[in-house]
Student: 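Structure provided below as structure tokens; questions to follow.
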Amino acid sequence: MRPRYPLHIHISTLFLALIILVAGALGGIGYGLSRELLDTSAADLTARISEHALLEMRRIIEPAEVATRLLSLHRAATAASFEERLESIGFLRQALDSSPALSSLYIGDDGGSFFLLGRIGQGSATEAARAPAGAAYVVQSIERRGAVARGRFIYLDHGLKVLREDDRPDYPATYDPRQRPWFIQGLRSPTPIKTPPYLFFPSQRVGTTLALRTANARAVVGADILLHTLGKTLASMKVTPGSEMALVNQDGYLLAYEEPDRILLKTARADGMPTLARLDQVGSAALAPLLGALRQIDDATRRGSRFSVDGQTWRASLNALSLEGIPPLYLAIAIPENELMAGALRLIRHSAAATLLVLLLAFPLTWLLARSVSRSLRSLAGEAEAIRHFEFAHPIVLDSSIREVSELAMTMEGMKRTIHRFLEITQTVAAEQNFDRLLPRLLIETLRVSGTHAGVLYLADDQELRPAAAVDDRGRQMPADLSALDGASAGPLLGAALADGIARAARLTSEDRTCLRMPPGELPDATHAIAVPLRSRKGELLGVMLLFCVGPTDSGQLSFVRALSASAAVSLESKSLIKAQKDLFEAFIQLIASAIDAKSPYTGGHCARVPELTKMLARAACEATSGPYRDFALGEDDWEAVHVAAWLHDCGKVTTPEYVVDKATKLETIHDRIHEIRMRFEVLKRDAEIRCLEAIARGESGRAARDRLDSELRQIDDDFAFVASCNEGGEFMAPDKVTRLQAIARRTWLRTLDDRIGIAEEEKRRKAQAPRMPLPVVEPLLADKSEHRVLRQEHDRIPEDNRWGFRMKVPELLYNRGELYNLTTGRGTLSEEERYKINEHIVQTLIMLSQLPFPRHLRQVPEIAGGHHEKLDGTGYPRRLTSGQMSPLARMMAIADIFEALTAVDRPYKKGKTLSEALAIMSRMQREQHIDPDLFALFLRAGVHAEYARRFMRPEQIDAVDVEGLLAGIGPNPGVGEQRPAAGRS
């Protein structure tokens, strides 16, 4: 413990020590540190520059390598004709644009054919001058068919539109890919080859060439990469303004320099062609000496040196840059030592000046020291004011040698920590929304602020205490398998705390360990424990915390734990009530969904499968690392909104009549009215038999009468069979079928009974629209009667200015049950009115959900749940939203709803599609802008379709799927697609 002295001794001692120490200490240390800083910083800087340059080269080359590999696997590499390769020009352009450093991609085969796609302006200046205006790319081709060879240049704009095509008869004679080094080396090597960087003569730029043979070893694909941007990179990495940097090969020839024009020597060759300059030819006095060092360098990756040029000292180094498949390159760096040391020298000068200034101010410090004592006391007064205002952002760091000031500061810091800890754990526990995570977190925070070793949290369940969390002070789960306790057998410590209702601390006895069922080796260092009952505001026992300590607990610590337990109990009670409400809400949601599925035996499970599929797709979007959804993320509140919306997406179906949802035939309502029509045909048959018998009774030939009867009965049977087949529905109702139905409908039958008695009042009112005919009445065999027309009331209409934004065409009638009207339905079994009634379920869903008082984090539930029948092109329903008006989650649910409807096998009006059939239909739908193409691509790439199929589809529905083929077709490509499942029946 540090000694404490009176104030006047401190002032005198500090004054004398200040004069002695300041005079002898501050000035001399800096120079030695500066010299070490020079050596260390020079080595570190050059190493970092070299690493950055190497990364830059890899950044340039690696995309080109990927493009070359992809091209070697593409069908263009093995194509047999120019036309086949030209069909792949889009792929080549995409591969070329994947790397700005790529100047061209080309293919040569063993037949001498050659195909190249290059950028305009990155080849020779002569060829660039030949290009027409607007040209962005050029295709160079050589075709050899027998003795005939054809060369051509095709100029393309940015959209790959042909601007001009030139025949070059001399091109095949001057260029044969089979004689080029890249082709020869690439054909021999099973792996990609790279050429050392060299000067491209057409463009007068430095670059390297990649080559890779195809799988059939009959062709080689190549790529030219320009490295001219490395000069700008080196210029940007200059350590000081006067630094010199250059990238050279092992012979000292420049490959990159901050002044590109100085890389080339235009008068070095007799033919006038430029060549690369060496280090001693670039015109830099600092780089020239490094040529000799380069020729003597050994296998070491760097060599540092110092030399003087024109009286100036330079720090120089050569750093090897190793790239696979290329001889070593070297980064030559020369830094002026005076610029490198400028900061260190300035620091020395400033330190000397500061030292002198301190010496000059030493004498007045006696007076300032006395002021510092009062300043310390004022600081403590300010800390007390901060505590009063609950400001705990900064700790009290006053370490005074004065005993009274130091003790006061320590006391205030302890008080501040205690209050801060108490508030912190209260806020932390209150912020945790998940009840299952709250329990261990509550225990962990209590352990940390109370300084205990480990703990167990029990929750009260009737007369038992069940362990809910067991952790140590580091937050790790305790391995002990604790059992439930009851108040009578909880042990002395825990039993006493429960009986008194307050926290108790005591030594752990063997009886405590036995009652707690702790294994003998568990927590061997824990000799004491604190038992903390947690009670609600009504005094009911919520649970108990058992905190294990390595030593006795003092009274202050126990008091703090008692105060903390009250706050923890309130948080536990509140979160427990919230959890119970959420559980009730969740059960209510699933109850509604189950009731909707149970309402119809043919859609059972739909409301349970769609949430699973929606969440599968949402998880895939969150896990995406590339593409449009790479930044997509959902928080815990968002996941809850997805869960609720998915389970409630069809809640409006509670208003849809079951006989409409499950309508399997055209005449089906609550019952299938084909039975009524069958009875009319039976009446016709009986009438025919009666007419036959009457004719025989009148003396007509029995044989002739019976032959006529047989013919008439066959016709009646055939007509009924036709009507019955029309009742079954189908994909298309041909006009000739409609004509035959109308002819059959014109046949009549005799009704002798009153059809206006024994019926409901509503049907009586509809029948009253037509005059009553005296019995018996001759009626058509099939009819559209006035009582079949159920008028739409005002409350069944959607106003144009409705507050939900619904934009659906509302049929004039609520229902039209006309027999002929329904039998002539063109597609499926639903009439226009019934299809609208089914589609109306989404209207009811939005109305019902918009009336619920959702909390803030669930406000988007109606939008997510109500958008799964919208289409990206604005032709969906009920609001005709477009892509920009739909959230990603609503678009995900639309895909889930469609896929489940396509593959479901429990629908009476269709068969479940196979996996490949369903995906083919959805592929057409994305091309027609009905569903999101990006989400559909993610649906395929992430394997969501396969995971759903394994879990929910029948084995016979799971067939092979060409995922790559489907992905290749993704994009705007309008076409005629298959019919979507019957609208709204998903």
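Computed from a predicted model, the values in this text were never measured in an experiment. Heavy-atom basis, side chains included; hydrogens, waters and symmetry copies ignored.
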Student: Does this structure show an ion pair linking E779 with K785, if we count only N-O contacts that are shorter than 4.0 Å?
Tutor: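 A salt bridge is present here (some side-chain N lies under 4.0 Å from a carboxylate O).
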
Student: Determine, step by step, whether N727 and L823 satisfy the side-chain contact (heavy atoms from CB on, under 4.5 Å) criterion, reporting the C-alpha distance in whole Å, the side-chain angles of both residues, the deciding distance to 0.1 Å, and the verdict.
Tutor: CA-CA 6 Å; N727 187 42; L823 285 171; 4.0 Å; yes

Student: What are the two closest heavy atoms between M892 and A618, and how far apart are they?
Tutor: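 In terms of heavy atoms, the two residues are closest at SD-CA, 3.7 Å.
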
Student: Shortest non-hydrogen contact from L872 to I931?
Tutor: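 For L872 and I931, the tightest heavy-atom pair comes out as CD1-O, 3.3 Å.
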
Student: Is any NZ, NE, NH1 or NH2 atom of the basic residue among D717 and K685 found under 4.0 Å from an Asp or Glu carboxylate oxygen of the other?
Tutor: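 Salt bridge: yes.
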
Student: Drop me the distance from S701's OG to D707's CG, to the nearest 0.5 angstrom.
Tutor: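 So the gap between those two atoms works out to 8.0 Å.
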
Student: Does CD in E800 sit with more than 12 non-hydrogen atoms of other residues, nucleotides or ligands closer than 6.0 Å?
Tutor: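 No.
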
Student: List the steps, then state whether side-chain contact (heavy atoms from CB on, under 4.5 Å) holds for R751 with M773.
Tutor: CA-CA 11 Å; R751 177 172 61 84; M773 303 297 292; 5.6 Å; no

Student: Does the pair R75 and E87 meet the rule for a side-chain contact (heavy atoms from CB on, under 4.5 Å), with working shown?
Tutor: CA-CA 10 Å; R75 58 187 176 90; E87 289 177 356; 3.8 Å; yes

Student: Report yes or no: does R807 contribute a side-chain atom to a donor-acceptor pair with the main-chain N or O of R879 at less than 3.5 Å?
Tutor: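 Checked: pair present.
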
Student: Do you know the tightest heavy-atom contact between E863 and S887?
Tutor: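 Minimum heavy-atom contact is OE1-OG, 2.8 Å.
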
Student: R797 side chain to V810 main-chain N or O, any donor-acceptor pair under 3.5 Å?
Tutor: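 No; zero donor-acceptor contacts below 3.5 Å.
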
Student: How close do E928 and D873 get, heavy atom to heavy atom, and via which atoms?
Tutor: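 For E928 versus D873, the nearest heavy atoms are O-OD2, 3.6 Å.
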
Student: Using distance alone, with no hydrogens and no angle criterion, decide if Q742 and T739 have a side-chain donor and acceptor under 3.5 Å apart.
Tutor: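 The answer is no; no qualifying pair exists.
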
Student: Any chance CD of E812 has more than 12 other-residue heavy atoms, nucleotides or ligands included, within less than 6.0 Å?
Tutor: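 Counting other residues, nucleotides and ligands, CD of E812 stays at 12 neighbours or fewer.
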
Student: Checking side-chain polar atoms at under 3.5 Å, does Y821 have a donor or acceptor matched by the opposite partner on N816?
Tutor: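 No, no side-chain donor-acceptor pair sits under 3.5 Å.
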
Student: Classify the ring geometry of H945 against F939: parallel below 30°, tilted from 30° to 60°, perpendicular beyond 60°.
Tutor: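 Rings of H945 and F939: tilted, 30 to 60°.
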
Student: Angle class for the F952/Y948 ring planes (parallel below 30°, perpendicular above 60°, tilted otherwise)?
Tutor: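 The rings of F952 and Y948 sit tilted, inter-plane angle from 30° to 60°.
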
Student: Crowded around R954 CZ? As in, over 12 foreign heavy atoms under 6.0 Å?
Tutor: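 12 or below, so no.
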
Student: Thinking salt bridges, do E668 and K663 make one under a 4.0 Å N-O criterion?
Tutor: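 No, no charged N to carboxylate O under 4.0 Å.
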
Student: Looking at D754 and R772, does any basic side-chain N land under 4.0 Å from a carboxylate oxygen?
Tutor: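 Between R772 and D754 there is a salt bridge, with a charged N closer than 4.0 Å to a carboxylate O.
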
Student: Under the side chain to side chain donor-acceptor pair (under 3.5 Å) criterion, do S725 and E728 qualify, and how do the steps go?
Tutor: CA-CA 5 Å; S725 67; E728 293 175 357; over 6 Å; no

Student: E712 side chain to L709 main-chain N or O, any donor-acceptor pair under 3.5 Å?
Tutor: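 Absent.
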
Student: CZ/R817 to CG/L667 distance, rounded to the nearest 0.5 angstrom?
Tutor: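 The CG atom of L667 is 12.0 Å from CZ of R817, to the nearest 0.5 Å.
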
Student: Drop me the distance from W647's CH2 to E612's CD, to the nearest 0.5 angstrom.
Tutor: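 That separation rounds to 7.5 Å.
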
Student: Could you check whether atom CZ of R859 has more than 12 heavy atoms from other residues, nucleotides or ligands sitting under 6.0 Å from it?
Tutor: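 Yes, enclosed.
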
Student: Could you check whether any side-chain heavy atom of R891 comes within less than 4.5 Å of a side-chain heavy atom of F936, counting everything from C-beta outward?
Tutor: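 SC-SC contact between R891 and F936 ruled out.
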
Student: Do you know the tightest heavy-atom contact between I895 and D932?
Tutor: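 Distance-wise, the nearest heavy atoms are CD1-O, 4.1 Å.
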
Student: Can you run down the ring-ring contact (aromatic ring centres under 6.0 Å, His included) pairs that involve residues 671-719, sequence neighbours left out, and say none if there aren't any?
Tutor: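 Non-adjacent pairs meeting ring-ring contact (aromatic ring centres under 6.0 Å, His included): F681-F720.
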
Student: Search all heavy atoms of H868 against all heavy atoms of H649 and return the closest pair with its distance.
Tutor: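 Nearest pair, atom of H868 first, then H649: CE1-O, 3.2 Å.
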
Student: Taking the side chain from D784 and the backbone from L820, do they hold a donor-acceptor pair closer than 3.5 Å?
Tutor: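 Indeed, once roles are kept as given, a pair shorter than 3.5 Å links the two residues.
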
Student: Kindly compute the distance separating CG (L634) from CG (L889), expressed to the nearest 0.5 Å.
Tutor: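 Output value for this atom pair is 5.5 Å.
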
Student: Between the side chain of K737 and the main-chain N/O of C726, is any donor-acceptor distance below 3.5 Å?
Tutor: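 Checked: no pair found.
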
Student: Find out whether L775 and T752 are in side-chain contact, i.e. whether some heavy atom of one side chain is under 4.5 Å from a heavy atom of the other.
Tutor: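 No, their side chains stay 4.5 Å or more apart.
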
Student: Is E833 salt-bridged to K837, going by a charged N under 4.0 Å from an acidic O?
Tutor: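 Judged by the 4.0 Å cut-off on N to carboxylate O distance, E833 and K837 do not form a salt bridge.
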
Student: Between K666 and N822 (side chain of the first, backbone of the second, donor and acceptor by atom type, cut-off under 3.5 Å), is there such a pair?
Tutor: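 Checking the backbone N and O of N822 against the side chain of K666, no donor-acceptor pair under 3.5 Å is found.
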
Student: Distance-only, no hydrogens or angles: does the E763 side chain make a donor-acceptor pair with backbone N or O of A760 under 3.5 Å?
Tutor: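 No, the answer is negative, given that no donor and acceptor are paired below the 3.5 Å cut-off.
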
Student: Can you confirm whether E640 sits close enough to D638 that some side-chain heavy atom of one is under 4.5 Å from a side-chain heavy atom of the other?
Tutor: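 Side chain of E640 against side chain of D638, heavy atoms only: no contact under 4.5 Å found.
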
Student: Rounded to the nearest 0.5 Å, what separates atom CG in L617 from atom CD in E947?
Tutor: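 Going from the CG atom of L617 to the CD atom of E947 covers 11.0 Å.
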
Student: Can a donor-acceptor pair be found, under 3.5 Å and without considering hydrogens, that links the side chain of N802 to the backbone of P799?
Tutor: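 Indeed, once roles are kept as given, a pair shorter than 3.5 Å links the two residues.
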
Student: Just by distance, do the side chain of E689 and the backbone of R686 share a donor-acceptor pair under 3.5 Å?
Tutor: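 Between the backbone of R686 and the side chain of E689 there is no qualifying donor-acceptor contact (under 3.5 Å).
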
Student: Please report the interatomic distance CE(M922) to CG(L935), rounded to the nearest 0.5 Å.
Tutor: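 These two atoms lie 10.0 Å from each other.
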
Student: Can E761 and K764 be counted as an ion pair, charged N to O under 4.0 angstrom?
Tutor: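 Looking at K764 together with E761, the answer is yes, because their closest N to O distance falls below 4.0 Å.
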
Student: Does the side chain of V723 reach to within under 4.5 Å of the side chain of L741, using non-hydrogen atoms?
Tutor: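 A side-chain contact under 4.5 Å exists here.
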
Student: Is a side-chain donor or acceptor of Q957 paired with a backbone partner of T903 at a separation under 3.5 angstrom?
Tutor: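 It does hold such a pair.
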
Student: With side-chain contact (heavy atoms from CB on, under 4.5 Å) as the test, would you mind laying out the steps for I898 and H930 before giving the verdict?
Tutor: CA-CA 11 Å; I898 293 170; H930 290 181; over 6 Å; no

Student: How about R747 and I716: do any of their side-chain heavy atoms sit closer than 4.5 Å?
Tutor: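 Counting from C-beta outward, R747 and I716 do come under 4.5 Å.
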
Student: Tell me, do V610 and T614 make a side-chain contact under 4.5 Å, heavy atoms counted?
Tutor: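 SC-SC contact between V610 and T614 confirmed.
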
Student: Check the surroundings of atom CZ in R706: do more than 12 heavy atoms from other residues, nucleotides or ligands lie under 6.0 Å from it?
Tutor: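 Check fails, neighbour count at 12 or below.
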
Student: Flag the pair L648 / M848 as yes when at least one side-chain heavy-atom distance between them is below 4.5 Å, and no otherwise.
Tutor: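 Contact flag for L648/M848 side chains = no.
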
Student: Side-chain contact test, heavy atoms from C-beta onward, threshold under 4.5 Å: evaluate it for P878 versus E870 and give yes or no.
Tutor: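 A side-chain contact under 4.5 Å exists here.
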
Student: Can you tell whether the side chains of E682 and R678 come within less than 4.0 Å, N to carboxylate O?
Tutor: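 Here E682 does not pair with R678 in a salt bridge, since their nearest N and O are not under 4.0 Å apart.
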
